[in-house]
Asks: 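Please see the structure below; I have some questions.
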Amino acid sequence: MSVQQPKEKIPVGILGATGTVGQRFIQLLDSHPYFVVAAVGASERSAGKLYSDAASRSWKQITTIPAAVGSLTVQKCAPENFTSCRVIFSGLDSDVAGEIETAFLKAEFAVFSNAKNHRMDPVVPLMVPLVNAHHLDIIPHQRSLHNLQKGFLVTNANCSTTGLVVPLKALQDAFGPLSRVIVTTMQAISGAGYPGVPSLDILGNIVPYISGEEEKLEIEAAKILGGLSTNATAFVEAPDMKVSASCNRVPVIDGHTESVFVEFKNRPAPSIEQVTEVLKSYVSEAQKIGAPTAPEHVIEVATLPDRPQPRLDINAGNGNAVVVGRVRECNIFDVKFTLLSHNTILGAAGSSILNAEVAVAKGLIV
Ligand SMILES: NC(=O)C1=CN([C@@H]2O[C@H](COP(=O)(O)OP(=O)(O)OC[C@H]3O[C@@H](n4cnc5c(N)ncnc54)[C@H](OP(=O)(O)O)[C@@H]3O)[C@@H](O)[C@H]2O)C=CC1
Ligand SMILES: N[C@@H](CC(=O)OP(=O)(O)O)C(=O)O
């Protein structure tokens with residue numbers, strides 16, 4: 001089923017527009033077929049300045065600030081400053097995202113958040129567009145609980161969780177429930193925002209601790225890989241699946257690499273050839289409904305034995321695909337592989353934009 005795209009541009013606002021994720025939104029939306037940036041917001045430090053001035057020092061994208069956004073005045077993140085927008089993309093710091101995003105929800109905006117604050121809310125989809133777009137079906141219930149006509153709130157997952165759940169979803173769909181997953185991450189420094197990790201801590205080094213990260217990987221996957229109750233009013237966690245994570249910060253600018261070990265519940269376990277074929281041929285709902293920025297291939301399976309590598313593979317599917325390599329037998333669990341995903345594109349702004357495209361296609365953005 002491919003859905004017709006909107007004929008008119010949809011004005012969007014970006015909260016946290018000066019940050020690492022906010023900048024990615026601005027870069028990605030510059031060429032978007034129907035979303036157009038109409039307002040930008042950040043902290044009181046930036047509010048009142050032209051975006052080009054507020055972001056001049058922190059802008060770290062390889063493209064320049066689009067002129068139309070550079071000339072916008074940065075707003076305080078209050079709903080009354082975003083009345084020209086129908087959609088809000090939030091790249092807000094989690095210290096403030098909770099309250100601010102709730103205010104925009106209550107003011108009837110369609111809010112797409114990258115922050116952790118609302119992810120485990122029982123009526124908020126924790127949505128990885130290449131995995132669980134059907135979780136959007138809870139929105140009518142969310143609206144009725146909050147007494148809203150048009151507004152709703154959807155969150156992205158943690159950036160490492162996002163890369164992980166894509167191949168897990170393909171495997172779960174094909175071979176049934178997963179019982180145990182162990183993952184060790186090697187996470188890029190852009191994951192910590194700007195200015196992020198001090199250079200003296202990370203250059204020539206590895207830091208084997210990212211605050212709160214392992215816990216997020218361990219709980220978010222079960223919500224994302226689970227289903228919805230039949231009346232679409234509650235999420236049902238993937239049963240029996242246990243995830244154990246070990247997270248490391250490595251001196252890479254963009255791209256989270258993960259070593260993954262998977263055990264299936266059903267016996268006999270699939271062969272490596274079957275696993276590889278399933279990963280290669282996985283198709284997501286976002287692709288089926290014709291979301292314009294969905295990658296052609298959700299999972300690219302690397303054939304060379306020393307791939308994926310962040311420097312070489314990070315832009316697969318314009319940053320919205322997951323590259324999986326080294327698919328092989330595991331002599332403790334069933335299969336092991338290495339994956340790479342772009343932490344600020346698929347892991348953040350790219351997924352939010354895809355989530356909004358899916359919401360447009362489902363008629364939720366009015
Ligand atoms: N970086 C990544 O790979 C990923 C990040 N995330 C999440 O996305 C969010 C943004 O992350 P990131 O871009 O890396 O962070 P940054 O630190 O780079 O940016 C934070 C943004 O929040 C704004 N901000 C800070 N305080 C306030 C305030 N009191 N009121 C309004 N705005 C405020 C900042 O504005 P100002 O410039 O004015 O200070 C800035 O625009 C976080 O919640 C993070 O956890 C999720 C997945 C991946
Ligand atoms: N913690 C991630 C980025 C992030 O901000 O995650 P979360 O949105 O789950 O807090 C990293 O450092 O790479």
Side-chain angles (χ1 to χ4, degrees), residues 13-27 40-49 51 53-61 73-79 81-82 88-101 103-104 112-120 126-128 155-164 185-197 201-202 207 209-221 224 245 247-250 252-258 310 314 319 341-352 355:
I14 301 174
L15 309 180
T18 48
T20 303
V21 172
Q23 292 174 20
R24 260 307 165 200
F25 274 121
I26 288 166
Q27 184 196 48
V40 289
S43 77
E44 301 211 357
R45 295 178 287 278
S46 309
K49 297 180 185 167
Y51 183 81
D53 294 333
S56 60
R57 268 185 52 74
S58 61
W59 184 264
K60 298 295 167 203
Q61 310 307 314
T73 299
V74 179
Q75 303 296 322
K76 287 185 194 165
C77 294
N81 299 330
F82 288 78
I88 295 293
F89 291 117
S90 168
L92 282 172
D93 191 294
S94 58
D95 284 351
V96 296
E99 273 184 36
I100 294 176
E101 290 168 359
F104 278 82
F112 295 86
S113 165
N114 280 275
K116 65 183 177 187
N117 309 64
H118 296 290
R119 285 183 192 150
M120 300 312 289
L126 175 50
M127 186 169 153
V128 174
T155 62
N156 282 9
N158 167 270
C159 40
S160 295
T161 309
T162 299
L164 177 66
T185 70
M186 291 150 270
Q187 298 184 214
I189 51 177
S190 60
Y194 183 77
V197 190
D201 285 343
I202 197 66
V207 180
Y209 175 66
I210 302 172
S211 174
E213 197 77 357
E214 295 176 354
E215 294 81 350
K216 282 182 270 184
L217 267 155
E218 290 170 7
I219 60 166
E220 291 181 8
I224 299 162
C247 296
N248 304 281
R249 186 75 67 198
V250 297
V252 163
I253 294 176
D254 286 324
H256 290 356
T257 305
E258 306 180 28
I314 193 57
S341 63
H342 199 304
N343 54 298
T344 66
I345 301 184
L346 184 65
S351 270
S352 265
N355 284 344

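Whatever order the structure lists ligands and atoms in, that order sets their numbers, starting from 1. Counting from 1, the numbers follow the sequence of the chain as shown.
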Asks: If you count the atoms of ligand 2 from 1 in the order shown, which ones are under 4.0 Å from a heavy atom of N158?
Replies: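 The atoms of ligand 2 under 4.0 Å from a heavy atom of N158 are 6 (O), 7 (P), 9 (O).
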Asks: Kindly write out the residues that satisfy ring-ring contact (aromatic ring centres under 6.0 Å, His included) with F25, not counting sequence neighbours, or none if the list is empty.
Replies: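 If we apply the ring-ring contact (aromatic ring centres under 6.0 Å, His included) test to F25, skipping adjacent residues, the hits are F89.
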Asks: Judged by atom type as modelled, is there a donor-acceptor pair below 3.5 Å linking the side chain of H118 to the main-chain atoms of G98?
Replies: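 Yes: the side chain of H118 pairs with the backbone of G98.
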Asks: Hey, what polar pairs (N/O, under 3.5 Å) does ligand 1 make with protein?
Replies:
residue  : atom   : partner : partner atom : Å
ligand 1 : 1 (N)  : S190    : O            : 3.0
ligand 1 : 3 (O)  : N343    : ND2          : 3.1
ligand 1 : 13 (O) : T20     : N            : 3.1
ligand 1 : 13 (O) : V21     : N            : 2.8
ligand 1 : 18 (O) : T20     : N            : 3.0
ligand 1 : 18 (O) : T20     : OG1          : 3.2
ligand 1 : 18 (O) : Y194    : N            : 3.2
ligand 1 : 22 (O) : D93     : N            : 3.3
ligand 1 : 32 (N) : S43     : N            : 3.3
ligand 1 : 35 (O) : T18     : OG1          : 3.2
ligand 1 : 37 (O) : T18     : OG1          : 2.5
ligand 1 : 38 (O) : S43     : N            : 3.1
ligand 1 : 38 (O) : S43     : OG           : 2.6
ligand 1 : 38 (O) : S46     : OG           : 2.5
ligand 1 : 39 (O) : S43     : OG           : 3.4
ligand 1 : 39 (O) : R45     : NE           : 3.3
ligand 1 : 39 (O) : R45     : NH2          : 2.7
ligand 1 : 41 (O) : G16     : O            : 3.1
ligand 1 : 41 (O) : T18     : N            : 3.4
ligand 1 : 41 (O) : T18     : OG1          : 2.7
ligand 1 : 41 (O) : G19     : N            : 3.1
ligand 1 : 43 (O) : L92     : O            : 2.7

Asks: Taking the side chain from N158 and the backbone from K216, do they hold a donor-acceptor pair closer than 3.5 Å?
Replies: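 Not confirmed, N158 side chain does not pair with K216 backbone.
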Asks: Could you list the atoms of ligand 2 found under 4.0 angstrom from a heavy atom of Q187?
Replies: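 So the answer, numbered in order with elements, is 11 (C), 12 (O), 13 (O).
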Asks: Distance-only, no hydrogens or angles: does the S46 side chain make a donor-acceptor pair with backbone N or O of A54 under 3.5 Å?
Replies: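 Not confirmed, S46 side chain does not pair with A54 backbone.
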Asks: Please write down residue, atom name and distance for the protein heavy atom closest to atom 12 (O) of ligand 2.
Replies: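 Sorting protein heavy atoms by distance from atom 12 (O) of ligand 2 puts R249 NH2, 2.4 Å first.
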Asks: What atoms of ligand 2 come closer than 4.0 angstrom to any heavy atom of E213?
Replies: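 Checking each atom against E213, I get 1 (N), 2 (C), 11 (C).
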Asks: As a quick check of understanding, evaluate side chain to side chain donor-acceptor pair (under 3.5 Å) for S190 and D254, giving each step before the final call.
Replies: CA-CA 6 Å; S190 60; D254 286 324; 2.6 Å; yes
Asks: Within the 3.5 Å criterion, strictly below it, is a donor on S160 or Q187 matched to an acceptor on the partner's side chain?
Replies: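 Note: S160 and Q187 side chains meet the donor-acceptor criterion.
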Asks: For atom 8 (O) of ligand 2, what is the closest protein heavy atom, and at what distance to 0.1 Å?
Replies: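 Residue, atom and distance for the closest contact: R119 NH2, 2.6 Å.
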Asks: Could you check whether atom CD of Q61 has more than 12 heavy atoms from other residues, nucleotides or ligands sitting under 6.0 Å from it?
Replies: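 Yes, CD of Q61 has more than 12 neighbouring heavy atoms, counting only those of other groups under 6.0 Å.
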Asks: Does E220 reach ligand 2 with a nitrogen or oxygen that is under 3.5 Å from one of the ligand's nitrogen or oxygen atoms?
Replies: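 No.
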Asks: Can you name the side chain to side chain donor-acceptor pair (under 3.5 Å) partners of Q27, sequence neighbours left out?
Replies: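 Partners of Q27 under the side chain to side chain donor-acceptor pair (under 3.5 Å) test: R24, T63.
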Asks: Under 3.5 Å between any N/O of G191 and any N/O of ligand 2: does that happen in this structure?
Replies: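 In this structure, G191 places an N or O atom under 3.5 Å from an N or O of ligand 2.
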Asks: Would K116 count as being in polar contact with ligand 2, using the rule that some N or O on each side must be under 3.5 angstrom apart?
Replies: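 No, there is no polar N/O contact under 3.5 Å.
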Asks: What is the closest protein heavy atom to atom 7 (P) of ligand 2, and at what distance does it sit?
Replies: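 Looking only at protein heavy atoms, the one closest to atom 7 (P) of ligand 2 is K216 NZ, 3.2 Å.
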Asks: Output yes when a side-chain donor or acceptor of Q23 lies under 3.5 Å from a complementary backbone atom of T18, and no otherwise.
Replies: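 The answer is yes, because a donor-acceptor pair under 3.5 Å joins these two groups.
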Asks: Under a 4.0 angstrom heavy-atom cut-off, which atoms of ligand 2 come close to H256?
Replies: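 Heavy-atom distances to H256 below 4.0 Å select 13 (O).
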Asks: Applying side-chain contact (heavy atoms from CB on, under 4.5 Å), can you list everything that pairs with P79, at least two apart in sequence or on another chain?
Replies: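 Here the qualifying residues are A103, F104, A107, F109.
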Asks: If we ignore hydrogens and angles and just use 3.5 Å, is the side chain of D93 paired with the main-chain N or O of V96 as donor and acceptor?
Replies: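 No.
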Asks: Could you tell me if any non-hydrogen atom of N114 lies under 4.0 Å from any atom of ligand 2?
Replies: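 N114 counts as a contact of ligand 2 under the 4.0 Å cut-off.
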Asks: Hey, is C159 one of the residues with a heavy atom under 4.0 angstrom from ligand 2?
Replies: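 The answer is yes: ligand 2 sits under 4.0 Å from a heavy atom of C159.
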Asks: Quick one: does any side-chain atom of N81 pair with a main-chain N or O of K76 as donor and acceptor, under 3.5 Å?
Replies: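 Yes; judged by distance alone, with no hydrogens or angles, the pair exists.
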